2 protein chains.
Amino acid sequence: MDSLQKAIENISPLSPGSMSSFLQVWKHWSVPKDHLLLREHSISDYIYFIKKGIARIYYHKNDKEITEWIAMDEQFFLSISSFFERRPSLLVIQTLEASEVYGIHHNDLMTLADQHHDVERLLRKMVTTSLILSQVRMDSIQFETAQQRYERLLNTSPHIIQRVPLSYIASFLGVTLETLSRIRSGK
Amino acid sequence: MDSLQKAIENISPLSPGSMSSFLQVWKHWSVPKDHLLLREHSISDYIYFIKKGIARIYYHKNDKEITEWIAMDEQFFLSISSFFERRPSLLVIQTLEASEVYGIHHNDLMTLADQHHDVERLLRKMVTTSLILSQVRMDSIQFETAQQRYERLLNTSPHIIQRVPLSYIASFLGVTLETLSRIRSGK
DNA sequence: AAGATTATTTGACAATTATCAAATCGGCCT
DNA sequence: AGGCCGATTTGATAATTGTCAAATAATCTT
């Protein structure tokens with residue numbers, strides 16, 4: 001529970017009472033490789049936190065799988081629009097390794113956010129951080145070359161290459177597998 | 001003040017007390033065409049709401065101006081990262097017509113969000129909406145052709161073409177002026 | 001209204017990346 | 001070890017859009 005608590009404190013402080021109620025509603029799962037945390041067309045009920053392992057978030061576009069995010073290293077992740085708008089998700093969330101994840105259910109989170117002002121504030125800050133990140137990513141997709149995006153990824157997550165198949169990485173970077181291969185081979 | 005109040009109520013209800021304190025701190029300005037609401041390298045202190053007129057948000061990339069957003073039709077707009085992280089902004093916000101705008105200062109907003117749980121919730125919902133929108137936009141930039149993005153804009157904001165120079169529209173769509181011209185002429 | 005400035009269009013060409021096809025590599029199975 | 005299957009690389013070609021240059025159109029100033 002400790003790394004989760006640290007991650008939360010890092011975003012926004014909670015009163016001892018709020019923190020203890022908050023931590024209490026997080027569930028913990030140990031799941032095998034290729035486990036589905038969210039399946040297509042179902043409503044996303046949880047915000048997850050990955051303590052150990054890797055998960056990828058993807059969706060189908062035409063016939064291809066588009067990897068939207070790869071979660072590791074004690075990050076929070078979720079299907080944003082499905083979770084907040086309570087609509088069936090186009091996304092699939094799948095573990096790529098045996099993993100340990102925490103999750104908080106939408107009902108629990110909203111109840112606590114209603115009861116505790118500081119939980120609402122925490123949630124607001126989490127969403128704000130995602131928004132800023134989303135804009136950075138948009139800028140990267142729009143203006144950087146595939147090469148630059150690959151290098152940025154190497155800087156941000158050096159180990160990701162060893163743990164995730166290149167086809168997922170390529171899709172995450174917004175290029176084809178072939179293009180990524182050429183980038184890696186130095187043209 | 002009425003359209004602002006409606007826009008707020010539309011996002012999240014506020015208690016009468018919160019609503020009246022909240023509305024009270026919004027300032028109102030009537031500004032001429034080409035007025036700068038935010039200049040480069042200054043810290044963005046306001047969230048704006050445009051009641052009448054148009055504003056564009058842009059920044060410099062290499063030597064070019066990149067139009068990040070065009071605000072009209074009673075929308076909220078701001079420099080997200082500068083406002084929330086309190087850092088100098090790379091963005092410029094400039095009116096394209098004589099405009100009427102409301103603005104709430106960061107200090108006032110944060111004070112009210114601390115005092116009133118429902119204001120904090122309103123803010124959370126505003127940020128969440130932006131985040132979802134940001135992801136839709138990312139998808140559009142990554143997967144749609146320039147042609148499709150142009151058509152999407154025409155659907156969303158049919159009048160924008162008459163009111164905004166094509167060079168700004170092109171940049172907002174993520175294409176060059178020349179490409180937009182070719183799209184419009186039907187290749 | 002003429003001239004000047006700015007906005008938009010058109011043309012030729014180059015760069016990046018996708019697509020399709022095939023070859024090779026790597027690990028796993030029995 | 002031999003054989004298979006999926007993952008990755010390599011090759012050839014095409015599509016989309018950018019860049020640079022120039023022409024034309026529209027708007028503003030006086």
Side-chain angles (χ1 to χ4, degrees), chain A residues 32-34 54 56 58-68 70 94-98 137-154 159-187, chain B residues 32-35 54 56 58-68 70 92 94-98 137-154 159-187:
Chain A
K33 178 173 171 169
D34 287 326
I54 304 198
R56 78 166 174 134
Y58 70 92
Y59 60 99
H60 292 278
K61 182 119 192 165
N62 306 328
D63 288 327
K64 291 168 199 151
E65 291 183 355
I66 307 294
T67 296
E68 180 172 294
I70 294 170
Q94 168 202 43
T95 55
L96 301 184
E97 299 176 354
R137 179 128 187 255
M138 181 143 56
D139 188 271
S140 170
I141 286 173
Q142 192 169 5
F143 297 112
E144 292 180 341
T145 63
Q147 169 97 254
Q148 291 171 314
R149 292 200 297 282
Y150 177 68
E151 283 160 8
R152 170 188 291 270
L153 180 67
L154 286 187
H159 317 299
I160 206 171
I161 305 298
Q162 279 73 48
R163 295 170 72 186
V164 178
L166 289 180
S167 56
Y168 299 162
I169 305 235
S171 166
F172 178 57
L173 291 174
V175 293
T176 58
L177 182 55
E178 294 92 328
T179 297
L180 178 58
S181 177
R182 289 186 242 266
I183 288 169
R184 281 163 54 79
S185 77
K187 298 210 174 77
Chain B
K33 180 175 170 165
D34 287 327
H35 179 81
I54 304 199
R56 77 166 176 136
Y58 69 93
Y59 60 99
H60 292 278
K61 182 118 194 165
N62 306 327
D63 287 327
K64 291 168 198 151
E65 292 183 355
I66 307 294
T67 296
E68 180 171 295
I70 294 170
V92 180
Q94 168 202 42
T95 55
L96 300 184
E97 300 174 355
R137 178 128 188 257
M138 180 142 57
D139 188 271
S140 171
I141 285 173
Q142 191 169 6
F143 297 112
E144 291 181 342
T145 62
Q147 169 98 253
Q148 292 171 313
R149 294 200 296 281
Y150 177 68
E151 283 160 8
R152 171 188 289 271
L153 180 67
L154 285 188
H159 317 300
I160 206 171
I161 304 298
Q162 280 73 49
R163 296 170 72 185
V164 178
L166 290 179
S167 56
Y168 299 163
I169 304 231
S171 167
F172 178 57
L173 292 174
V175 294
T176 58
L177 182 55
E178 294 92 328
T179 297
L180 177 59
S181 176
R182 286 175 179 117
I183 287 169
R184 281 164 54 79
S185 77
K187 295 208 176 85

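Everything numeric in this text was worked out from a predicted model, so none of it was measured. Below, chain A is the first sequence line, B the second, and so on; all start at residue 1.
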5' to 3', nucleotides 17-30 of chain D under a 4.0 Å protein heavy-atom cut-off (B base, S sugar-phosphate only, - none) gives SSBBB---------
By ring-ring contact (aromatic ring centres under 6.0 Å, His included), which residues pair with B:Y150, not counting sequence neighbours?
none
The ring-ring contact (aromatic ring centres under 6.0 Å, His included) partners of B:H60 (sequence neighbours excluded) come to B:Y58
Could you state the atom-to-atom distance from [atom1] of [X] to [atom2] of [N] in whole Å?
{"X": "A:L173", "N": "C:dA18", "atom1": "CG", "atom2": "C1'", "result": "15 Å"}
{"X": "A:K61", "N": "C:dA18", "atom1": "NZ", "atom2": "P", "result": "15 Å"}
{"X": "B:F143", "N": "D:dA15", "atom1": "CZ", "atom2": "P", "result": "21 Å"}
{"X": "A:L177", "N": "D:dT8", "atom1": "CG", "atom2": "C1'", "result": "6 Å"}
{"X": "B:R163", "N": "C:dA7", "atom1": "CZ", "atom2": "C1'", "result": "19 Å"}
{"X": "A:Q162", "N": "D:dT8", "atom1": "CD", "atom2": "P", "result": "12 Å"}
{"X": "B:R184", "N": "C:dT8", "atom1": "CZ", "atom2": "C1'", "result": "9 Å"}
{"X": "A:Q148", "N": "C:dT16", "atom1": "CD", "atom2": "P", "result": "11 Å"}

How would you list, by chain and number, every residue that makes a side chain to side chain donor-acceptor pair (under 3.5 Å) with [X], sequence neighbours excluded?
{"X": "A:E65", "result": "A:R56"}
{"X": "B:Y168", "result": "none"}
{"X": "B:S171", "result": "none"}

Could you check whether any side-chain heavy atom of A:R184 comes within less than 4.5 Å of a side-chain heavy atom of A:L180, counting everything from C-beta outward?
yes
Give me the bend of the helix from C:dA1-D:dT30 to C:dT30-D:dA1, using the axes of the five pairs at each end, rounded to 10°.
40°
List, one per line, each side-chain donor-acceptor pair under 3.5 Å for residues 138-145 of chain A, sequence neighbours excluded.
residue, atom, partner, partner atom, Å
A:D139, OD1, B:K61, NZ, 3.0
A:D139, OD2, B:Y59, OH, 2.9
A:S140, OG, A:E144, OE1, 2.8
A:E144, OE1, A:R152, NE, 3.2
A:E144, OE2, A:R152, NE, 3.4
A:E144, OE2, A:R152, NH2, 2.7
A:T145, OG1, A:Q148, N, 3.2
A:T145, OG1, A:Q148, OE1, 3.4

So, using side chain to side chain contact (heavy atoms under 4.5 Å, CB included) as the criterion, who are the partners of A:T95 when residues are at least two apart?
A:V31, A:H35, A:L37, A:S99
Between B:L166 and B:I161 the two heavy atoms that sit nearest each other are CD2-CG2, 4.5 Å
